[in-house]
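We count residues from 1, following the sequence as given. Each ligand, and each atom within it, is numbered from 1 in the order the structure gives.
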Amino acid sequence: MTEAAARNVSALLQQASRLVASHDETASGSPVMALARHIGRQMAAGTLPMDQVEEIVRLLRDRAFAGRAHHIATYLDGPDEQAVTARMHAVARRIVQPDPDDSPVPIARFRAAIERSRFAAVFTAHPTFALANPVYEALAELASTNPAAPPAHVPSFLTHRRVGPPTLDEEFTLATQAIMRGRTALDRLNAILLSEARTHWPQLWSTLVPRPIIMTSWVGYDTDGRTDIGWWDTLRLRLRMKQLQLGRMHDQIKDTPVANDLLTRVSAALDAVGAQITACPTGPEPEAISRFADVLINRSTEALTSSNDLAATFSEAIDAASPEDKMTLAVARAGFMAHGLSAAHTHTRLNATQLHNIARQRLGITDSPDIPAQRRALISRMNEALENVTPVEIDFGSLLMEQASAGRLMMTVRQILRHIDRTSPIRFLIAETETGYTLLTALWLARLYGVEEMIEISPLFETQEALENGEQIIEEALRSPHWRAYLQRTRKLSLQFGFSDSGRYVGQLAATYLIERLRIKVCDLLRKWDLAFVEVILFDTHGESIGRGAHPWRLADRFDYLSPPHARARYARAGIQMREETAFQGGDGYLLFGTQPLADATVSIIAEHAFAATPLDRDPVYDEPDFSADFFSTIANGMTGLVEDPGYAALLGAFGPSLIDKTGSRPSARQSDASSTVTRIKHPSQLRAIPNNAILQQLAWCANTLQGLGTAAARHPETFEKYLAESPRFRRAMDFAAHALAHSDHGVLRGVIRLLDPDLWLERATTQSDPARQEACLTLMHGLENLDFWASTQAMFRRIQSDHLALRRAWPDAPRMQSDELLLHAIRIALIEQIWLHSTKVPYFSPRHAFSRDVLTLKVLCLEVPGVLGELEQIFPYRADSGFDLDFHEPHGPRQEGTYRREYTEIFEPMQRLFQMVREISTGVMHHVGAFG
Ligand SMILES: C=C(OP(=O)(O)O)C(=O)O
């Protein structure tokens, strides 16, 4: 860093620290705005040139990056090799000997404990791939070195941003790299479980096939709200998973001489699967599909269609192996049998409306499931359909012709189960389920295609309606004899809870309370319907950030927060088996599997959680259910009020979306079958949860974690304080609020809102003596008047701030944003102002298509800078076209090159650089928050 930049950054940091120290919640102006103004003036005066700003931003970003690396290490309690091994051994010993003063359990009990999958890590492609891949890698590497403090030196990258959003294939590659590390960590755990067994049961241990923890993926199979994944993509990626699984096993056993038969079989299967992948179509082309069908179907025996096909050969090889090879083979078998013919299990997903569509098309059911009064009739019609349905055989031609997306997905599932892997069940997740009718429709469709026994139909509870009425939804289905028979046969009930969608509507803290309540009610329901023998699979799709339900400080706490010990104990007491599943989401979540030491540490903590004893511990918060109900419903009221506040949508839609890069192949808005895209956000539901939350983080107000909390705390100040100190469950929830407060600042939010206020620009125009500058401020004032964000955002700010003041009164020592982060925000406000002001210097141009001067102003105010610069490049071409150098069959004459070079160097290029820094700051903010979205 240059000396001048270093001087500037230290002066700015001092100012930011003074702001933090002043704790001035009540200041009527915005101190952050004052800092931003100071930066802006220095930039305009040239005492803080752009290259220094860039240096300062990178410095602050790198410090945040170092802090994040350290945070990941502490999140995993230090990925230290010895500690991880010790943790895994302790788990194994506890299973063998739950009571250290008693003798070991019989092998049958040990077998029952480890041969049941009790936890799944689900790798999802949620779009949180916010950083460039080498930056993620560096972050994981630094975290793996287990620094006792944030590292002093970090790799210097010009930018932490991606070049562009990842494609589905890239997401798949990143997911499978993480999954493979997870599998290696599972092997390590399984080896420890087996060696512990060997010391107790030297003759029998090698008959054990542990699978307590498994890996699962939905990358390529989750089609909820996206129309860009064709069934051929799903099949191709599913075959790739098979190839990875077989290849992995091949490598594990290739040096064990007794496994020759096995190796020959696996090599042949790999050849066949390779050919199937090569033949995969890339679109709905009948001839290509017919060729694919030939290879897929006619080589399926060679490619293996069940892991059981290898069971006998595996056992023979293990029996014949040397003691050392026995362990190698037993571990390989465990991983293979636990996952079937895939590197990870398969979760597919679609939206409830897609199922309703197919029922309308095929069964003529036109009533709307959204109208409660019509549901009883709908359900009875679906029961009739279930009664009368006759399974149909399909081929790829049927799939090719199918128009309904739900039909296509179920047929794809059928083809996987028929030709790729017959014995591994497939999860069928249904987003936005709000009625039991949806579940019965899925069952009807599964029965139609003959896959009922092999799919795990799972509602996803994520809307407010679903969280509040989840038990009625399940009971609606349970009243159907078909649904009960389905549960009895499969002996499983799968449920999914969406933490971020629910959190953004009712508030993150209220959502987890509702989810916990629902979990307990499901336990009661199963007993009521004599289905306590059914295993309950609870899949939590939380993300890595607090806004998406991830505990901010420790992975162990994250598990206890998602799945509170109290609820687990209720299941244990009712004798109901439970499998927990938890999401590791694309980009951020894969970091916890980003190197082998991190993956090992993560799996060891999962193992500790999965085998933790579940006594019905006394947590005082459960003694006062009235307090919890009132406290969390006050939060829900506060948040639902905010969600409906037009100022909130205006805030999210103003320039928030432009602060973040596109971070995945999934669109930011839910798409429907009849896809439509939203231009201006009128309601938060027009955004998906991740961008919604990411925008809040960038605007420095984690509203979805904080809103309503102040009012709730103010209603019960003493109880609030008491539970903060005494209740682990309550304390964990408040850790979310603490983290949110550490990364929220009312001054920044106020600053952003003030920026959108035409009054501010009028005031600035009034104080300007330079007529050009005055005109510039007035242009921005008019533009903001047209956008009309100001009145509603200011009203919304009053709502937020009054709740916040109540929270600070109830919790005076709650954390605050620190100076580095505050300074990043202040710089960004200054940069935004500079971009806006530069845009007013664009010379007159006649409107081109729909792009006029007014449109330019509006788009720049919403920071749609790349699009605007693209248009301006057409209007003011400043680059010579290489075509001008062609031979035009006369002597080469002069070219009027660079006509608009001045505009380029004085307006467009600075705007471009400023905007790049605006987005670079976003990566710094993300490092502080510890996640995207
Ligand atoms: C399931 C969720 O994510 P999404 O629906 O955005 O995939 C959620 O966590 O709310």
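- The one candidate from L168, L409, V219 that meets the side-chain contact (heavy atoms from CB on, under 4.5 Å) condition with I229 is L168.
- What sits closest to atom 4 (P) of ligand 1 on the protein, heavy atoms only, is H126 NE2, 3.4 Å.
- In this structure, atom 8 (C) of ligand 1 lies nearest to the protein heavy atom S500 OG, 3.3 Å.
- Annotation: H743 is not in aromatic contact with W701 [ring centroid separation under 6.0 Å not met].
- Shown in contact with L460 at under 4.0 Å from a heavy atom are these atoms of ligand 1, numbered in order with element: 1 (C).
- The protein atom (non-hydrogen) at minimum distance from atom 6 (O) of ligand 1 is R666 NH2, 3.0 Å.
- Counting the atoms of ligand 1 from 1 in the order shown, those under 4.0 Å from a heavy atom of R688 are 4 (P), 5 (O), 6 (O), 7 (O).
- Between the T923 side chain and the R919 main chain, no donor and acceptor come within less than 3.5 Å of each other.
- Note on R427 versus E456: salt bridge recorded, some NZ/NE/NH1/NH2 to OD/OE distance being below 4.0 Å.
- Considering backbone and side-chain N/O of D501, one or more are found under 3.5 Å from N/O of ligand 1.
- The backbone N or O of S500 lies less than 3.5 Å from no partner atom in the side chain of Y505, so there is not a single donor-acceptor pair.
- Polar contact with ligand 1: present for F499 (N/O pair, distance under 3.5 Å).
- Summary of contacts: the protein heavy atom closest to atom 9 (O) of ligand 1 is T541 O, 2.6 Å.
- Between the side chain of T441 and the backbone N or O of Y437, at least one donor-acceptor pair lies under 3.5 Å.
- Between H927 and H160, the distance from one ring center to the other falls under 6.0 angstrom.
- Between W218 and ligand 1, no pair of N/O atoms sits closer than 3.5 Å.
- Geometrically, ligand 1 and Q585 share no nitrogen or oxygen pair separated by less than 3.5 Å.
- The closest approach between a heavy atom of R349 and any atom of ligand 1 is below 4.0 Å.
- A donor atom on one side chain and an acceptor atom on the other are not found under 3.5 Å apart for S424 and H345.
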